[in-house]
Protein chains: 2
Amino acid sequence: MTTIRDIARESGYSVSTVSRVLNNKHHVSAEARLAIQQVIEQLDYVPNNIARDLSKGRTESIGVVLPHTNHPYFTQILDGILAAAFVTDYRIVLLPSDYDILREQSYLEQLRCKVFDGLIFTSRRIELEIIKNYQKYGPIVCCEKLEDANVLSVYSVREPAYLEAFQWLKKRGKNQGAILLSRGEEISATAKATMKAYRAFYQSEPDEKLVITGVTTYQDGYEAGEKLVRDYESFDYIFANSDDDAAGIRQYYLDHDLSLPLIVGQENQLSGKLLKLPTIDHQLSKVGQHAFFLATKQSTTTHIAVMSHFIPR
Amino acid sequence: MTTIRDIARESGYSVSTVSRVLNNKHHVSAEARLAIQQVIEQLDYVPNNIARDLSKGRTESIGVVLPHTNHPYFTQILDGILAAAFVTDYRIVLLPSDYDILREQSYLEQLRCKVFDGLIFTSRRIELEIIKNYQKYGPIVCCEKLEDANVLSVYSVREPAYLEAFQWLKKRGKNQGAILLSRGEEISATAKATMKAYRAFYQSEPDEKLVITGVTTYQDGYEAGEKLVRDYESFDYIFANSDDDAAGIRQYYLDHDLSLPLIVGQENQLSGKLLKLPTIDHQLSKVGQHAFFLATKQSTTTHIAVMSHFIPR
DNA sequence: TTGAAAGCGCTACCAG
DNA sequence: CTGGTAGCGCTTTCAA
């Protein structure tokens, strides 16, 4: 492997001058620059990136923690991050967490070990207080609405769109709904937002038999349908967690010749379009882009809100 | 920042001994280990990963080149890669290419600069010969069937499933089809496989008006439907590029009250399930897993084939 | 404008 | 079992 020292020796200049040429710095004579560049070409030399990173103390890479890639919430945020990173020299490193707290913590440790310059949590299970302890090692962005002004946060503002959806349902005479959530209200920020909007609109608690958690895929939706029908309660609409799981629950009803309640999806996915389901677009790609800006300190604010849109169909 | 030298000084042992403790190596007395570990705790020390990488000359990360993430071909392969990497210490770095040859080459250069230990091309535009020039810098895996025994290759064996699909269509009296492809046959390995199977089955060239390229999404499918209907040719089935674009083309027919030809999708997506379209599952997650094994030299073979499955519906 | 040399923080070899 | 030390390849400061 040819090193900067080889170039220095062969060109007759010093390592420092070669370094200056490599980094396009000033204070190098035209002839020195030329001579050095020629040797670089000849020896087919390329600087070692790790050595550079070590010297500079940075890695030019951002870690993105995501539980899995089976939900549009994550893939859409990721798309936004990639789009924003595309025009920079930053690398995006995928960090699958499976919602395992130990894994999440190990990624924080890696931030500390300077594996990444910054970290984005598309979702998390680990406590915020622990995350705060790691902020001194680099910017950490959470894709959720946080009250704490000291933690970087990007999120979609869901309430208005949720209220609009409930209003729309009401106009159509639908007043009693089943709610599908990804995770429980106590650990999921999005679940919390959904329930908050529900309470604000109806001024009451939903029947607990009508709230089902752990629903993210078509299959989950199908099983949720089964459960809802079994534990039958009176309801006239279903507020799903995504268009895909909405499609699953719809299929359960169809397969069992049951009359379909009105179903509202989320995420504006292809399945919702195909089945003409009303849905809510949370603009997650934008969330991802902003998260990247914060993680790379291209943005100076700490909290960024993106508006969700209700799409009636 | 506390370094290994601080730990050495504070514990009264040498840098080497501390390093041994850090790396869980032998030849360290229990007391030394204990004393050193205590100091490590006290000073809240953590080894710098970049320095480690530099010393060892490796990065523990694999780059994954992908044109975009809007097609299940890529997301499914990526899922497989992540699943395989999950149980290792390797990091997965996403490298968006947008099919830009210059970008693809820059990633090869990064492999050369030791940014990655290995590279996976989920798809590529750059010439194979150029890739071969970079093999000396680390393992490079292409997710396509390559004749060249010297390039690592993982791919799904599509022909048998394609032939089965054509046979299935024939049994249902469908003999003249329109073909949707992602990219042209000359640059796309999957397009080539499709056309090869077509020719093998029908013993003839398809009508060129019935071959449409650049189709990967629902929207693309919709537009392809428009085009097919406009340049009307006699055909009784459509062989789509994915279930999603199959859904798009189907919708075009429905929107214009045209009688639907038989549509076969690919990739076994949710949309195909919802619309009950026959499809072909290319097992791309498995392809991704194997690609990772090759890129990390966990596998000694150079070519791995994964069988596609036709799913009649 | 140039060069010498001191790091960056760690690993690995060799000697004891 | 332990320590000294020479790297790993580059950047950066300081002096010339």
Side-chain angles (χ1 to χ4, degrees), chain A residues 1-37 39-40 43-61 89 109-117 137-138, chain B residues 1-37 39-40 43-61 89 109-117 137-138:
Chain A
M1 166 183 284
T2 62
T3 75
I4 197 174
R5 265 181 271 271
D6 298 325
I7 306 300
R9 187 170 10 80
E10 293 300 315
S11 66
Y13 285 89
S14 74
V15 169
S16 346
T17 307
V18 175
S19 176
R20 283 189 202 103
V21 171
L22 288 175
N23 295 288
N24 272 316
K25 296 209 173 158
H26 305 302
H27 308 302
V28 180
S29 67
E31 50 185 339
R33 171 157 279 138
L34 200 67
I36 289 171
Q37 276 166 342
V39 178
I40 288 177
L43 271 57
D44 197 29
Y45 163 80
V46 61
N48 178 317
N49 214 287
I50 312 177
R52 281 192 147 152
D53 285 350
L54 175 59
S55 248
K56 295 195 176 162
R58 55 109 185 93
T59 64
E60 299 271 87
S61 70
D89 281 332
E109 279 295 326
Q110 292 188 24
L111 175 68
R112 187 162 160 239
C113 296
K114 304 209 174 304
V115 176
F116 318 113
D117 289 351
Y137 305 115
Chain B
M1 163 183 284
T2 61
T3 74
I4 196 172
R5 266 181 272 270
D6 298 325
I7 306 301
R9 187 171 9 82
E10 291 301 314
S11 66
Y13 285 90
S14 73
V15 169
S16 342
T17 306
V18 175
S19 176
R20 282 189 203 103
V21 171
L22 288 174
N23 296 286
N24 271 316
K25 294 209 174 161
H26 305 302
H27 308 301
V28 180
S29 68
E31 51 186 340
R33 170 157 282 138
L34 200 66
I36 289 171
Q37 275 166 343
V39 178
I40 288 178
L43 271 57
D44 199 29
Y45 162 80
V46 62
N48 179 317
N49 214 288
I50 312 178
R52 280 192 147 153
D53 284 351
L54 176 59
S55 247
K56 295 193 176 164
R58 56 106 183 96
T59 63
E60 298 271 87
S61 70
D89 282 332
E109 279 295 325
Q110 291 188 25
L111 175 68
R112 188 163 160 236
C113 297
K114 303 212 175 304
V115 175
F116 318 113
D117 288 352
Y137 304 115

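Labels below follow one simple rule: chain letters A, B, ... track the order of the sequence lines, proteins then strands, and each chain is numbered from 1.
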Touch class at under 4.0 angstrom, heavy-atom based, for A:S19 against every strand present: base
Candidates D:dT2, D:dG7, D:dG9 - which lies nearest the side chain of B:V28: D:dT2
A:R5, nearest nucleotide to its side chain (from D:dG3, D:dG9, D:dC14): D:dG9
Selected nucleotide, minimal atom distance to B:R52 side chain, candidates D:dG3, C:dC10, D:dC1: C:dC10
Minimum-distance nucleotide (side-chain atoms of B:L54 versus D:dT2, C:dG7, D:dC8): D:dC8
A:Y45 and A:L22, any side-chain heavy atoms less than 4.5 Å apart: yes
From C:dT1, C:dA12, C:dG9, nucleotide with atom closest to B:T3 side chain: C:dG9
Whole-Å gap separating P (D:dT11) and CD1 (B:I50): 13 Å
Neighbour count above 12 (heavy atom, 6.0 Å) for B:N23 CG: yes
Gap between atoms NZ and P, on B:K56 and C:dC8 respectively (whole Å): 21 Å
B:Y137 and its side-chain hydrogen bond (donor to acceptor under 3.5 Å, both in side chains) partner, picked from B:E109, B:R112, B:Q110: B:R112
Among C:dT1, C:dG3, D:dC1, the nucleotide that comes nearest once only the side chain of A:Y13 is considered: C:dG3
Min side-chain heavy-atom separation B:N48-B:T3 under 4.5 Å: no
Side-chain donor/acceptor of B:S16 to base of D:dG4, under 3.5 Å: yes
Residue met sooner reading DNA chain C from 5', once B:Y45 and A:S14 are mapped to nucleotides: A:S14
Residue met sooner reading DNA chain D from 5', once A:R20 and A:N48 are mapped to nucleotides: A:N48
First of A:T17 and B:V46 reached from the 5' end of DNA chain C, by closest nucleotide: A:T17
Contact nearer the 5' end of DNA chain D, comparing B:A51 with B:H26: B:H26
Sugar-phosphate only, base, or nothing, as touched by A:K25 at under 4.0 Å among non-hydrogen atoms: sugar-phosphate
Side chain of B:N23 (C-beta onward), nearest among D:dT11, C:dT11, C:dG9: C:dT11
Selected nucleotide, minimal atom distance to A:L22 side chain, candidates C:dC10, D:dT2, D:dT11: D:dT11
Electrostatic pair A:D53:B:K114 at N-O distance under 4.0 angstrom: no
Sugar-phosphate only, base, or nothing, as touched by B:A32 at under 4.0 Å among non-hydrogen atoms: sugar-phosphate
